[in-house]
Amino acid sequence: MDYKFWEIEPRWQAYWEENKTFKTPNDFSKPKYYILDMFPYPSGAGLHVGHPEGYTATDILSRYKRMKGFNVLHPMGWDAFGLPAEQYAIQTGTHPAVTTFKNCDNFKRQIKTLGLSYDWDREINTTDPKYVKWTQWIFTKLYNTWFDYEQGKGRPISELPIPEEIQAEGEAAVKEYIGKKRLAYYDNAQVWWCDNCKTVCANEEVLTDGAHEKCGHHVIRKNLKQWLLRIPHYAQRLLEGLDDLDWPEGVKDMQKNWIGKSTGAEVDFQVEGLDQQLRVYTTRPDTLFGATYMVVSPEHPMLNELVVADKQEEVQQYSKAASLKSDLDRTELAKDKTGVFTGRYAINPVTGLPIPIWVADYVLMGYGTGAIMAVPAHDTRDFEFAEKFEIPITCILDPKDADAEVREQVLAGKACWTEDGAYINSSSEKTGLDINGLNKKDGIAKVISWLEDRGIGHATTNFKLRDWLFSRQRYWGEPFPVIHWEDGEISLVEDDLPVTLPDLQKFEPGEGGESPLANATDWLNVVDENGRKGRRETNTMPQWAGSCWYFLRYIDPNNDEQIFDPKLENYWMPVDLYIGGAEHAVLHLLYSRFWHKVLFDLGVVSTDEPFKRLYNQGMILAFAYETQTGAKVTSDLVEEKDGKYFHTQTGEELRQIVAKMSKSLKNVINPDDVVEKYGADSLRLYEMFMGPLDDTKPWAENGVKGVFGFLTRAHRFFANTDHITEGEEDLEVLKLLQQTIIKVGDDIENLKFNTGISALMVFNNLAIKKGKVTKATAETFAKILSPYAPHLAEELWRLYGHKESLAYEPWPVADESLLVEDTHEYPVSFNGKMRFKLELALDLPAKEVEQAVLSHELAQKWLDGKTPKKIIYVPKKIINVVL
RNA sequence: GCCCGGGUGGCGGAAUUGGUAGACGCGCUGGAUUCAAAAUCCAGUUCUGGCAACAGAGUGCGGGUUCGAUUCCCGCCCCGGGUACCA
């Protein structure tokens with residue numbers, strides 16, 4: 001009897017589809033479980049083997065949870081806006097919608113051949129106008145929300161209190177004031193522009209060396225009017241929210257670093273000869289005594305005033321040069337610090353002494369106050385700068401616990417010390433402050449309170465997180481529901497959503513950095529009832545927009561009246577498990593959390609955080625081959641002999657390496673081919689058997705053969721009714737079956753699929769060895785196999801006479817009483833080295849255990865006539881004789 | 001530089017979190033079947049020595065704690081990911 005997966009699998013896939021086996025009812029009587037995959041961008045290349053890894057994992061858990069009695073929401077959809085379809089349109093004239101439709105269709109076909117239990121009635125597509133409508137609706141909410149720092153939450157803009165002095169200035173001032181509070185705003189921003197492609201590109205499309213990933217040309221900065229979102233207002237909430245999430249620590253750390261909270265103080269320095277203060281931000285106010293100079297960023301608003309007459313030209317030149325450098329170039333040159341003295345001095349508030357003010361591009365305008373106090377003895381950057389420009393370096397923190405040589409260097413100002421120590425040179429009779437002898441923590445506290453008492457500084461917090469650039473000069477994205485009127489007013493389209501994309505013939509962006517939408521004149525120009533002329537926003541939203549909230553739409557995907565029914569949202573949210581690639585650790589997951597928190601504050605959603613548990617699947621790599629000199633050889637030119645690899649043409653022996661799948665190495669694995677050759681169940685099983693879900697691991701065809709062999713043997717045994725008997729089950733089989741039920745279930749809950757499969761294999765091996773099992777055993781095996789290999793399991797279930805799918809059969813409960821043992825086979829060690837095994841009754845008193853061990857015939861050899869010093873006896877674990 | 005992961009047979013990986021290191025699978029070796037091969041089945045397979053029983057070594061390296069360490073602690077080396085003048 002052959003394992004005809006090519007007949008079995010399509011048959012069951014058709015059955016599930018016809019019977020809507022996996023349609024998810026909104027049945028509130030059952031406990032819910034929401035299992036989400038990161039939905040794919042449907043590229044023209046189709047599925048690669050990385051996709052089914054996460055999808056199979058969630059599918060196994062979904063099937064398992066259904067059998068455990070949960071109402072499982074397990075949907076799939078398409079993140080279908082994006083650049084490739086638009087680039088393709090520019091090249092071929094094919095409308096992105098056409099390409100997108102085709103690609104989604106192909107993805108869906110491929111996914112369906114894997115036997116994944118999605119509820120396809122909930123399928124969504126971010127490009128669907130019915131979906132875009134609600135993406136735009138959320139944008140209008142962002143625009144009409146401000147963040148109330150007192151309450152720590154977002155509130156409707158209508159509730160924003162307007163200070164009297166603003167009101168007094170008139171309507172324009174009020175509008176401006178409100179505009180500065182909105183979570184979405186329109187302003188000048190710098191973007192990356194590729195002059196070769198005539199298009200802007202997203203940050204993530206710019207490689208670290210400043211090249212555009214598509215064409216390799218260097219991108220430049222361009223200043224364009226842009227939409228931005230004030231995500232930093234939620235920085236503290238986004239940071240705190242991480243604490244309660246069951247997420248990989250690495251992802252939480254990355255988000256924490258990205259948010260970048262730091263605490264310190266702002267300090268005002270009196271500028272000599274001007275009636276002005278220069279405000280700096282520092283995390284180390286305790287090192288004020290060591291501040292021997294100051295630096296302002298080249299973009300600092302006070303710079304012009306600060307520069308003395310005969311330094312004007314030099315400084316101007318420097319600032320101009322700095323502004324031409326991109327951030328990237330600035331970091332590139334990080335090793336070599338540059339800067340110019342402004343000729344101006346400020347008074348160090350704790351010493352009362354003047355210190356020079358420099359301008360240097362290692363200080364960024366976008367962080368803190370754009371100005372710093374420089375403490376070269378205790379900050380590596382300041383140290384480098386001071387050494388280069390021969391500025392005094394005053395050590396004020398004695399590294400008393402450091403080794404003598406280092407300490408001497410630091411004290412002499414010849415090395416930089418950033419760790420803790422005891423203050424020296426940190427008192428001033430003139431100002432009355434003295435922190436000598438204190439440690440870092442106490443020093444910071446004392447200086448801050450001293451500054452606060454005098455009104456020249458205060459404790460404060462800073463975040464690295466910046467405003468989110470939320471627009472792209474693109475066609476294939478969500479249009480903004482926004483009209484710019486000729487009088488400068490901006491208004492939202494709120495009543496007539498969605499604003500749909502106009503049909504275009506040409507998709508090239510405009511010369512001046514405008515979106516292709518600027519060419520759609522009919523669509524573009526609008527006139528209001530008073531004859532006022534306006535222009536629609538021509539930017540579109542970035543791809544993140546649709547993916548920020550898609551998990552909410554699955555809950556009620558066809559609702560045209562509301563974004564979703566709140567009753568349903570309340571039942572289904574939050575997402576219980578979210579699986580996807582680690583590449584989204586920061587951006588997608590942070591953006592999503594941000595939107596979700598805004599929606600939560602506005603009462604739209606019922607949970608503060610969207611994703612309770614997150615798990616990242618690892619990347620799947622492939623073997624590749626290279627010659628002894630390191631030249632890569634494409635996989636079609638490699639043959640294997642006796643575990644070694646040779647070039648088919650030159651005969652040269654090759655080295656096997658692990659690399660990313662790539663067209664150039666010809667080592668890309670197409671899931672379609674695997675399904676055709678071994679079947680979907682084998683593909684699923686192998687993807688899970690390769691190793692831990694979150695590991696990076698190489699694809700090996702022999703591994704697929706291995707799991708295929710397992711399914712073939714399982715089929716040969718369990719699908720042959722000659723092997724299925726009536727009556728009592730063999731005790732060994734029965735015991736192992738109970739253990740397997742427990743192991744497989746636990747491993748699914750813990751996402752340890754590789755060892756779960758191993759347990760199924762072990763059981764299969766025993767059953768085959770025994771030659772027969774009872775029908776009850778065979779049915780149980782089919783059930784616990786079913787999350788992994790659902791097609792084969794359904795086939796067996798049907799064979800055993802059942803008419804219905806086993807998808808909702810209760811998960812077997814192990815009879816643990818069968819596993820209770822009254823003896824245990826102890827490994828007996830001498831000095832920690834296992835020497836022999838000894839079966840003993842569990843209730844044997846310790847004394848008798850020792851007796852039994854020492855009187856064992858093999859014990860004499862290891863005792864070697866000595867008397868044991870001690871005998872360690874750990875019941876049910878081990879016996880160790882210490883000599 | 002900084003922050004996270006991770007180093008276990010020829011290979012992918014197990015090991016109940018301090019208790020028999022190498023489950024399961026691949027590969028390899030031998031055997032059965034076959035005219036032969038593929039497929040399948042059976043046996044073996046960490047390394048070293050030995051026909052064998054068995055003995056010794058062994059989880060990146062060097063120390064330490066412990067009756068006992070892949071697991072805990074200290075100091076290194078290597079690999080992968082993230083981040084980068086954030087004051």
Side-chain angles (χ1 to χ4, degrees), chain A residues 208 248-254 256-258 260-262 264 280-284 287 295 297 327 330-331 333-335 337 360-364 366-375 379-382 384-385 462-466 582-583 585-586 616 618-619 621 623 640 642-644 656 658 685-686 689-692 694-707 709-710 712-713 716 743 746 752 754-762 764-765 768 825-837 861 868-874 876-883:
Chain A
T208 23
E249 286 305 317
V251 175
K252 288 196 199 181
D253 283 342
M254 279 165 70
K256 280 179 195 163
N257 290 338
W258 196 265
K261 181 175 180 171
S262 89
V280 302
Y281 172 71
T282 176
T283 54
R284 296 293 303 276
T287 60
V295 185
S297 129
D327 277 3
R330 285 199 194 181
T331 16
L333 301 169
K335 295 142 230 152
K337 298 239 176 331
D361 66 3
Y362 82 92
V363 172
L364 308 171
Y367 185 78
T369 62
I372 62 159
M373 62 178 219
V375 186
D379 180 285
T380 50
R381 297 151 302 183
D382 298 344
E384 277 170 36
F385 190 84
N462 256 300
F463 294 94
K464 279 199 251 181
L465 191 62
R466 304 294 165 80
E583 66 273 19
V586 176
N616 295 123
M619 214 191 327
L621 305 177
F623 289 119
E640 191 192 335
D642 297 335
K644 291 180 175 171
Q656 189 182 56
V658 169
L685 220 53
Y686 178 61
F689 189 61
M690 291 173 82
D694 56 350
D695 272 11
T696 302
K697 47 214 174 266
W699 185 272
E701 171 139 7
N702 276 335
V704 190
K705 280 187 198 161
V707 294
F710 160 64
T712 306
R713 283 190 296 277
R716 193 186 302 139
K743 176 77 178 154
D746 286 354
K752 290 171 71 177
N754 53 333
T755 49
I757 294 169
S758 166
L760 288 166
M761 287 173 167
V762 170
N764 189 45
N765 290 344
I768 289 170
E825 189 180 45
Y826 285 94
V828 180
S829 324
F830 287 76
N831 284 341
K833 194 96 191 151
M834 206 282 285
R835 295 304 180 182
F836 58 86
K837 289 175 188 172
K861 176 177 167 190
K869 284 191 193 128
K870 199 154 89 175
I871 296 176
I872 312 280
Y873 164 56
V874 184
K876 277 189 124 172
K877 292 274 190 208
I878 200 172
I879 297 163
N880 188 19
V881 181
V882 186
L883 292 173

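Source: prediction; values computed, not measured. Lettering of chains follows the sequences in order, A, B, ..., and the numbering in each one begins at 1.
At a threshold of 4.5 Å between non-hydrogen side-chain atoms, the residues A:V658 and A:F623 count as touching. Put simply, the side chain of A:T287 reaches to within 4.5 Å of the side chain of A:M373, judged on heavy atoms. The side-chain heavy atoms of A:I768 and A:R713, taken from C-beta on, include a pair separated by under 4.5 Å.
As judged by a 4.0 angstrom heavy-atom cut-off over every strand, A:D382 is placed among residues making no nucleic acid contact. Across all strands shown, A:K752 has heavy atoms under 4.0 Å from sugar-phosphate atoms exclusively, and none from any base. Note on A:K464: a base of the nucleic acid sits closer than 4.0 angstrom, heavy atoms only. Here A:G368 lies out of heavy-atom contact (under 4.0 Å) with every strand. Looking at heavy-atom distances under 4.0 Å, A:S262 makes contact with sugar-phosphate atoms alone, never a base. As judged by a 4.0 angstrom heavy-atom cut-off over every strand, A:V874 is placed among the base-contacting residues. Residue A:N754 is in sugar-phosphate contact alone, with no base atom involved, counting any heavy-atom pair closer than 4.0 Å across all strands shown. Within the 4.0 angstrom heavy-atom criterion, no nucleotide atom of any strand lies near A:P248. Using a 4.0 Å heavy-atom distance criterion, A:N702 is classed as a sugar-phosphate-only contact. The residue A:R466 sits close to a base: some heavy atom pair falls under 4.0 Å. Contact annotation for A:K837: base contact, defined as any heavy-atom pair under 4.0 Å involving a base atom.
Anti is the conformation of B:G44, whose glycosidic angle sits further than 90° from 0. Glycosidic torsion of B:U17 falls within 90° of 0, placing the base in syn.
Residue A:N831 comes nearest to A:N880 through the heavy atom pair N-OD1, 3.5 Å, listed as atom of the first residue, atom of the second, then distance. Of all non-hydrogen atoms in A:K870 and A:I872, the two that sit nearest each other are CE-CD1, 3.9 Å. Considering all non-hydrogen atoms of both residues, A:K697 and A:P692 come closest at NZ-O, 3.0 Å. Contact between A:D379 and A:D382 at its shortest, heavy atoms only, is OD1-N, 3.0 Å. Here the closest heavy-atom approach between residue A:Y281 and residue A:G264 is recorded as OH-N, 3.5 Å. Heavy atoms only, all atoms of each residue included: A:M834 and A:P827 are closest at CG-CB, 3.7 Å.
Taking every side-chain heavy atom of A:T283 into account, B:A87 is the closest of B:A87, B:A21, B:G13. The side chain of A:K877 sits closest to B:G19 out of B:C24, B:C67, B:G19. Residue A:D253 has its side chain nearest to B:C3 when only B:G12, B:G82, B:C3 are considered. Which of B:G13, B:A21, B:C3 sits closest to the side chain of A:K697 comes down to B:G13. The listed nucleotides are B:C67, B:C41, B:U20; the one nearest the side chain of A:R713 is B:C41. Counting only heavy atoms from C-beta on, A:N765 has its side chain closest to B:G25 among B:G13, B:G25, B:A87. Minimum atom distance to the side chain of A:T755 is reached by B:A15, of the listed B:G25, B:C11, B:A15. Out of B:U20, B:C41, B:C24, the shortest distance to the side chain of A:M761 is found at B:C24. Of the candidate nucleotides B:G13, B:C85, B:C24, B:G13 has the atom nearest to the side chain of A:D695. Nearest to the side-chain atoms of A:T282 among the listed nucleotides B:G25, B:A87, B:G13 stands B:A87.
B:U46 sits 28 Å from B:A37 when the P atoms are compared, rounded to a whole Å. One C1' atom belongs to B:U17, the other to B:U70, and the distance between them is 11 Å to the nearest Å. Here the separation of B:C47 from B:C28, taken at their C1' atoms, is 16 Å to the nearest Å. Using C1' as the reference atom, B:G18 and B:U71 are 7 Å apart when rounded to the nearest Å. For the P atoms, the distance from B:G7 to B:A15 is 12 Å, rounded to whole Å. Remark: the separation of the C1' atoms in B:G25 and B:G62 is 35 Å, to the nearest Å. Going from the P atom of B:G31 to that of B:G22 covers 28 Å, rounded to whole Å. Comparing the same atom, P, in B:G80 and in B:C74 gives a spacing of 25 Å after rounding to whole Å.
Ring orientation note: the planes of A:F830 and A:F836 are tilted relative to one another, at an angle of 30° to 60°. The aromatic rings of A:Y362 and A:F385 sit tilted relative to each other, their planes meeting at an angle between 30° and 60°.
Atom CG in A:D379 sits roughly 18 Å away from atom P in B:G1 (whole-Å rounding). To the nearest angstrom, P of B:G27 lies 7 Å from NZ of A:K705. Spacing between atom CE of A:M690 and atom P of B:C26 amounts to 15 Å, rounded to whole angstrom units. Nucleotide B:G68 holds its P atom 15 Å from the CZ atom of A:F830, rounded to whole Å. Rounded to an integer number of Å, the gap from CE of A:M834 to P of B:A55 is 10 Å. Atom CD1 in A:I871 sits roughly 15 Å away from atom P in B:C67 (whole-Å rounding). Going from atom CH2 of A:W699 over to atom C1' of B:G25 covers 14 Å, rounded to whole Å. Atom P of nucleotide B:G81 and atom CG of A:N257 are separated by 18 Å, given to the nearest angstrom.
Mapping A:T696 and A:A759 onto RNA chain B by nearest heavy atom places A:T696 at the nucleotide closer to the 5' end. Mapping A:Y686 and A:V586 onto RNA chain B by nearest heavy atom places A:Y686 closer to the 5' end of the strand.
When base pairs are accepted only as Watson-Crick or G-U wobble with both N-N or N-O distances under 3.5 Å, RNA chain B takes part in stems of 3 or more pairs at B:1-7 with B:77-83, B:10-12 with B:24-26, B:27-32 with B:40-45, B:46-49 with B:54-57, B:60-64 with B:72-76.
Side-chain to base pairing of A:K337 with B:C85: one donor and one acceptor N or O lie within less than 3.5 Å of each other.
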